[in-house]
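Keep in mind it's a predicted model, so treat the numbers as computed, not measured.
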Amino acid sequence: MTADGFGSLLMAAPLLLVLVAGVLRLDEHIFTSNRGKKSERARRRFAVSDQDGEEVLTDPDGRPSK
């Protein structure tokens with residue numbers, strides 16, 4: 001490969017990588033963090049026991065519904 005062709009390739013490669021990452025939406029996977037997300041294994045409880053031992057359904061935020 002000639003010096004001109006090699007220089008063009010070195011300049012075009014990062015631009016092509018950015019273009020491909022944008023098309024495939026890889027930036028969403030690379031730049032997002034998992035700190036604010038809940039664990040996928042964590043299960044939400046749909047019912048809890050009250051003082052009498054009876055099952056009480058819960059709201060989506062986890063508080064017992066009355």
Side-chain angles (χ1 to χ4, degrees):
M1 192 183 269
T2 64
D4 292 336
F6 186 69
S8 298
L9 180 65
L10 284 177
M11 292 209 34
L15 295 174
L16 290 174
L17 288 174
V18 168
L19 180 66
V20 169
V23 168
L24 297 177
R25 306 296 294 172
L26 295 176
D27 56 339
E28 292 178 355
H29 297 289
I30 294 171
F31 295 115
T32 57
S33 68
N34 292 331
R35 283 183 281 167
K37 296 181 182 176
K38 290 185 179 180
S39 172
E40 302 241 348
R41 292 183 172 188
R43 298 183 69 184
R44 195 169 51 112
R45 298 169 65 187
F46 294 105
V48 294
S49 298
D50 62 358
Q51 290 90 3
D52 299 330
E54 295 182 19
E55 294 283 324
V56 177
L57 296 178
T58 58
D59 289 335
D61 61 355
R63 291 183 294 172
S65 60
K66 297 275 177 169

Give every residue pair that meets the side-chain hydrogen bond (donor to acceptor under 3.5 Å, both in side chains) criterion with at least one member in residues 11-20, sequence neighbours excluded. none

Salt bridge (Lys or Arg N to Asp or Glu O under 4.0 Å) contacts in which one or both residues fall within residues 7-16, not counting sequence neighbours: none

Any pair counted as side-chain hydrogen bond (donor to acceptor under 3.5 Å, both in side chains), so long as it reaches residues 15-25, sequence neighbours left out: Arg25-Glu28

Side chain to side chain contact (heavy atoms under 4.5 Å, CB included) filter on Glu55, not counting sequence neighbours, yields Ala47, Ser49

Side chain to side chain contact (heavy atoms under 4.5 Å, CB included) against Leu24, all qualifying residues, sequence neighbours excluded: Val20, Leu26

Who pairs with Leu17 by side chain to side chain contact (heavy atoms under 4.5 Å, CB included), at least two apart in sequence or on another chain? none

